Amino acid sequence: MATIIDGKQLAATKNAETARRIAALKAKGITPGIAVILVGDDPASKVYTRSKQRKAGELGIYSVQENFPATVDQATVLQTIQRFNADERIDAILIQAPLPAPLDWHALVAAIDPQKDVDGFHPENVGRLYNNLPGNYPVACTPRGIITMLDSLGFDYAGKQAVVVGRSILVGRPLHSLLVNREMTVTMVGRQTPRFADHLRAADLLVVAAGHPQLVGADLVKPGAVVIDVGINRTAAGKLVGDVAFDQVAPVAAAISPVPGGVGPMTIATLMEQTVDLAEWRRADAKD
Ligand code: NAD
């Protein structure tokens, strides 16, 4: 039976560490700050931003949120980003995805000061990660949280085969870079991938971020693999399920993350961690 990777517990440990770092910053007169931009009425986005705000509040992070109707124009959101870029109280800026059309998410993300890009989606930060540059820069929170989960297992990356299902900017692509940078052989698979099942069955590390309930059953998992389930899907009965058939796969895998209680809480804990990182890095850079 697999080790269950307890994202809730790991997140609690990470949040306690973040709280200690915030206390140390406050002792120096610094309060880390996060600004969240929410556009429209997407129910999931509302839930996510509420959870982020709640956790920031609990940890003593200064937080503000700008809510816009779905009809807001690009220039108005852009002005808000520029205001937060210039605001000394704000270390971290987050635009909750997805944005309603016709807003241009890429252009808005590119307008965020890269030093305040807490989601790690700014092209400069994506490029740093892609090129495995040294130094401090933010990285997409869900993949960074997955690395924390794998590190907690003492996972040995180098020389192993990873398969990542899903190629989004939020999850699959940055995770690909993080794993390649740790000397893994990484295969990205999607809907059009030939021999999909063969790829998955060869994975020592299988990360599933497709948004498709029960996509991966035991027949697609190599015995002894580590399986990370990123998917968040709601069944007709209102139950939260991942992309992996947990009950089937747990007896086969060496380790598996559950949904709920896996990647989700780690993403928020990592967002808080990275807000504090940004608060520290920006001030350190200002002294150079
Ligand atoms: P997305 O829709 O942007 O990307 C999904 C990717 O999966 C695409 O590349 C798509 O081609 C691929 N895909 C979809 N169905 C597939 C299938 N049947 N077979 C193979 N590939 C398939 O989604 P995203 O933003 O990357 O999110 C993916 C899932 O992860 C969603 O369920 C989302 O809710 C969840 N998610 C969870 C967290 C978290 O913190 N736990 C964070 C981000 C996303």
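Note that the numbering runs from 1 along the sequence shown for the chain. Whatever order the structure lists them in is the order used to number ligands and atoms, beginning at 1. Nothing here was measured: the structure is a model prediction, and the numbers come from that model. Just so you know, these numbers use all the heavy atoms, side chains as well, and skip hydrogens, waters and symmetry mates.
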Original post:
For atom CG of Asn132, is the number of surrounding heavy atoms from other residues, nucleotides or ligands below 6.0 Å larger than 12?
Top reply: yes

Subject >> Which residue and heavy atom of the protein sit nearest atom 10 (C) of ligand 1, plus the separation >> reply: Arg191 NH1, 4.1 Å

Original post:
Right, does atom 21 (N) of ligand 1 have protein non-hydrogen atoms nearer than 4.0 Å?
Top reply: yes

Subject >> ligand 1 contact on Asp243 by region, counting heavy-atom pairs under 4.0 Å >> reply: neither

Original post:
Looking at atom 2 (O) of ligand 1, what's its closest protein heavy atom, distance included?
Top reply: Ala210 O, 4.7 Å

**OP:** Report yes if Ile232 has an N/O atom closer than 3.5 Å to an N/O atom of ligand 1; otherwise report no.
**Re:** yes

Original post:
Looking at Leu150, Asp204, Val180, which hits side chain to side chain contact (heavy atoms under 4.5 Å, CB included) with Tyr157?
Top reply: Leu150

Original post:
Do any nitrogen or oxygen atoms of Arg167 come within less than 3.5 Å of a nitrogen or oxygen of ligand 1?
Top reply: yes

**OP:** Please report which non-hydrogen protein atom sits nearest to atom 1 (P) of ligand 1, along with the residue it belongs to and the distance in Å to one decimal place.
**Re:** Ser168 CB, 4.0 Å

Original post:
Tell me: protein heavy atom nearest atom 40 (O) of ligand 1, and distance?
Top reply: Thr267 OG1, 2.8 Å

Subject >> Subset of ligand 1 atoms that lie under 4.0 Å from at least one heavy atom of Gly190 >> reply: 20 (C), 21 (N)

Subject >> Donor-acceptor contact present, side-chain Asn15 to main-chain Ala11, <3.5 Å >> reply: yes

Original post:
Should the proximity of Val230 to ligand 1, defined as any heavy atom under 4.0 Å, be assigned to the side chain, the backbone, both, or neither?
Top reply: both

Subject >> atom 29 (C) of ligand 1 [closest protein heavy-atom partner, distance rounded to 0.1 Å] >> reply: Gly211 N, 3.6 Å

Subject >> Gly166: numbered ligand 1 atoms lying under 4.0 Å from its heavy atoms >> reply: 6 (C), 7 (O), 9 (O), 12 (C)

Subject >> Nearest neighbour in protein (non-hydrogen) for atom 18 (N) of ligand 1 >> reply: His212 ND1, 3.4 Å

Original post:
To the nearest 0.1 Å, how far is atom 28 (C) of ligand 1 from its closest protein heavy atom, and which atom is that?
Top reply: Ala209 O, 3.5 Å

Original post:
Side chain of Arg167, backbone of Met188: donor and acceptor closer than 3.5 Å?
Top reply: no

Original post:
What protein heavy atom is closest to atom 44 (C) of ligand 1, reported as residue, atom name and distance in Å?
Top reply: Val171 CG2, 3.9 Å

Subject >> OH (Tyr62) with more than 12 external heavy atoms under 6.0 Å >> reply: yes

Original post:
Do the side chains of Val118 and Leu278 get nearer than 4.5 Å, heavy atoms only?
Top reply: yes

Subject >> Any donor-acceptor N/O pair, Asp91 side chain to Gly33 backbone, under 3.5 Å >> reply: yes

**OP:** Check each atom of ligand 1 against the heavy atoms of Gly264 and keep those under 4.0 Å away; list them by number with element.
**Re:** 40 (O), 41 (N)

Original post:
Would one find more than 12 heavy atoms of other residues, nucleotides or ligands at under 6.0 Å from atom NZ of Lys160?
Top reply: yes

**OP:** Could you grab the distance from atom CZ of Phe155 to atom CE of Met149, nearest 0.5 Å is fine?
**Re:** 13.0 Å

Subject >> Connected hydrophobic set around Val221, excluding itself, where side chains approach under 4.5 Å >> reply: Ile4, Val163, Val165, Val189, Phe196, Leu200, Leu206, Val208, Leu215, Val216, Leu220, Val227, Val244, Phe246, Val249, Val252, Ile256

Subject >> side chain to side chain donor-acceptor pair (under 3.5 Å) partner of Gln65, chosen from Arg50, Gln96, Gln53 >> reply: Gln53

**OP:** Using non-hydrogen atoms of the residue, decide whether Gly172 is closer than 4.0 angstrom to ligand 1.
**Re:** no

